[in-house]
Amino acid sequence: MEKVWIEDLAEHVGEEVEIRGWLFNKRSAGKIHFLIIRDGTGFVQAVMLKSDLPEEVFNLYDTLTYEDAVVIRGTVRRDKRAPGGYEITLKDLEVYSKSLDTYPIPKVRPENVPDIGKLFKFRHLWIRSRKQWATLRIRDEVERAIHDFFGSRKFVRFDPPIFTPASVEGTTTLFPVNYFEKGEVYLTQSGQLYLEAGAMALGKVYSFGPTFRAEKSRTRRHLTEFWMVEPEVAWATLEDIMELAEDLVVYIVERVLENRRTELEILNRDLSKLEAVKKPFPRITYDEAVRILMEEKEKGRDIDFRYGEDFGSDEETVISERYDRPVMITRYPRKIKPFYMKPDPEDPEKVLCVDVIAPEGYGEIIGGSQREDDYEALLQRIREEGLPEEEYSWYLDLRKYGSVPHSGFGLGVERTVAWMTGASHVREVIPFARTPDRIRP
RNA sequence: GGGUCCGUAGCUCAACAGGCAGAGCACCCGGCUGUUAACCGGGGGGUUGCAGGUUCGAGUCCUGCCGGGCCCGCCA
């Protein structure tokens with residue numbers, strides 16, 4: 001008998017198959033029992049008829065509790081009455097191993113959903129639930145789309161180091177690690193500087209990996225360990241990289257809509273919100289964004305903002321509300337952006353940068369810029385920021401030996417997946433979230 | 001770092017003004033041949049987060065500690 005995965009059942013209608021999985025739920029009407037089995041790839045209902053089965057098999061139903069590991073054998077049928085459309089007429093049931101205790105997370109009763117703190121305590125079990133299953137499958141699709149996007153454009157994946165001797169951006173807090181007799185090094189908070197070296201060596205590169213920020217940021221948009229995609233392109237201007245960012249986001253959304261529709265439905269995601277994400281994205285400057293804020297303030301919105309500041313999450317939301325797709329904000333004041341960004345030749349107080357703000361309050365999903373490519377200007381910025389010049393000598397070399405314009409950006413995977421799935425917090429879209437207050441499980 | 005709210009059964013929640021800790025789900029037993037968060041009947045289950053204090057009496061009031069939620073700042 002063929003062993004099959006639930007996601008492939010459509011190819012086995014009429015056949016007798018074996019499914020190995022776990023008991024997700026069960027219901028009975030006496031002489032007919034229904035089992036909902038999950039095997040990781042999906043969920044399927046199996047029907048047990050008293051009239052069809054040996055008594056000892058039929059009676060096994062009574063002993064089943066949540067998350068027992070089971071092996072079932074039976075015939076695959078299409079059936080409108082079955083959740084999911086396919087059903088197994090059960091012929092044989094084997095309880096491979098029993099749950100040893102009451103399952104700590106109750107199943108699918110909305111009035112009975114544990115509070116979020118308890119769910120995270122049982123995160124290792126919570127990921128078996130339907131919504132978490134759907135969420136993590138969408139995350140996989142987003143990641144796969146990212147690799148396919150860059151692969152199809154012949155980018156070379158370039159893995160920057162995770163141990164780094166110095167801060168990339170100087171401002172944010174780093175996680176120190178004891179590194180033999182060399183003392184303290186830090187977990188990376190961005191691979192960007194290394195990616196710039198990669199772009200000069202390989203032309204178009206991107207990285208995909210974890211980054212770490214020791215910020216005690218307790219918000220729905222922050223993790224201390226999160227994943228980031230960072231492309232970096234030689235000879236690219238700000239405009240080039242904005243187009244790349246736009247294409248990437250559109251492609252991710254298309255792929256999720258195409259391949260993860262069932263999962264979006266499980267999550268009750270409003271598909272029209274995602275279907276609206278098409279080129280072109282609106283492009284506004286920082287100054288124009290400030291004007292929008294002032295207009296909203298005059299309309300009576302409670303906005304506390306002064307020109308020259310960075311936008312807080314409230315401001316981002318107010319601005320993004322005007323659009324049905326992500327909005328690109330360019331040319332922020334130099335003072336609130338990192339040293340490596342290139343000043344705008346038309347207004348040296350601004351830099352050639354772009355932030356992409358997702359709709360629906362999901363905030364900044366992309367931050368990017370054209371990099372300072374002039375040796376002297378970069379050196380001066382490093383000194384102004386009081387950064388350790390020695391640590392940046394290799395980075396300055398990139399401007400010493402055939403410097404060219406180049407640009408890149410970073411896309412936050414969790415924020416993007418949270419937006420796709422409609423999650424209320426980024427910690428729900430990564431298997432095991434790391435926040436300032438939680439390191440277990 | 002700042003603000004704010006909450007800890008009662010495995011889970012979600014009740015418990016008047018301080019007066020015998022209770023219900024639904026889960027679990028166990030019984031019933032029901034198409035259930036869809038099934039349903040119906042019965043049963044077991046508690047050091048009310050921890051440590052003190054006030055009181056004849058504390059889940060309830062006070063103090064401290066521990067654990068957690070939400071919002072903001074910083075960012076992706």
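Predicted model, so just to flag it, every value in this text is computed and none were measured. The sequence lines fix the lettering, A, B, ..., with proteins before strands; numbering per chain opens at 1.
When the side-chain nitrogen and oxygen atoms of A/Lys118 are compared with OP1 and OP2 of B/U12, one or more of them lie within a distance under 4.0 Å. Between B/G68 and A/Arg427, no contact under 4.0 Å exists linking OP1 or OP2 to a side-chain N or O. Side-chain N/O atoms of A/Ser190 include none lying less than 4.0 angstrom from OP1 or OP2 on B/A76.
RNA chain B is contacted by both A/Ile365 and A/His33; A/His33 maps to the nucleotide lying nearer its 5′ end (nearest heavy atom per residue). Mapping A/Gly412 and A/Asp62 onto RNA chain B via the closest heavy atom, the residue that lands nearer the 5' end is A/Asp62.
Here the separation of B/C66 from B/C50, taken at their C1' atoms, is 7 Å to the nearest Å. Look at the C1' atom in both B/U47 and B/A58: the space between them is 14 Å, to the nearest Å. Here, B/C40 and B/U8 have their C1' atoms 29 Å apart, quoted to the whole Å.
Ring geometry for A/Tyr61 versus A/His33: interplanar angle under 30°, hence parallel rather than tilted (30 to 60°).
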Restricting both atoms to N or O, compile the protein contacts to nucleotides 1-3 of chain B shorter than 3.5 Å, with distance only.
{"unit_1": "B/G1", "atom_1": "OP1", "unit_2": "A/Lys216", "atom_2": "NZ", "d": "3.2"}

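A/Thr219 comes within 4.0 angstrom of a nucleotide base, judged by non-hydrogen atoms across all strands. No engagement by A/Glu67 is indicated, since no non-hydrogen atom pair under 4.0 Å with the nucleic acid exists. Using a 4.0 Å heavy-atom distance criterion, A/Asp355 is classed as making no nucleic acid contact. Heavy atoms of A/Asp79 sit under 4.0 angstrom from at least one base atom. Across all strands shown, A/Ile366 has heavy atoms under 4.0 Å from sugar-phosphate atoms exclusively, and none from any base. Here A/Thr65 lies in heavy-atom contact (under 4.0 Å) with sugar-phosphate atoms only. Nucleic acid contact class of A/Gln45 (heavy atoms, under 4.0 Å, all strands): base. Within the nucleic acid shown, A/Leu49 comes within 4.0 Å of at least one base atom, counting heavy atoms only. Among the atoms of the strands shown, only primed sugar atoms or phosphate atoms (P, OP1, OP2) are found under 4.0 Å from some heavy atom of A/Pro104.
A donor and an acceptor atom never sit less than 3.5 Å apart when one is taken from the side chain of A/Arg221 and the other from the base of B/C72.
For A/Asp304, the CG atom sits in a loose shell: 12 or fewer heavy atoms of surrounding residues, nucleotides or ligands are nearer than 6.0 Å.
Note: OH (A/Tyr362) to C1' (B/C75) measures 18 Å, nearest angstrom.
A side-chain N or O of A/Tyr307 and one of A/Asp287 form a donor-acceptor pair less than 3.5 Å apart.
Side-chain proximity of A/Glu364 to B/C71, B/A76, B/U33: nearest is B/A76. Checking B/U33, B/G73, B/C74 against every side-chain atom of A/Ser313, the shortest atom distance belongs to B/G73.
Taking 4.5 Å as the limit, some side-chain heavy atom of A/Leu9 sits within range of a side-chain heavy atom of A/Ile19.
Using modelled atom types, one side-chain atom of A/Lys98 and one backbone atom of A/Thr63 make a donor-acceptor pair closer than 3.5 Å.
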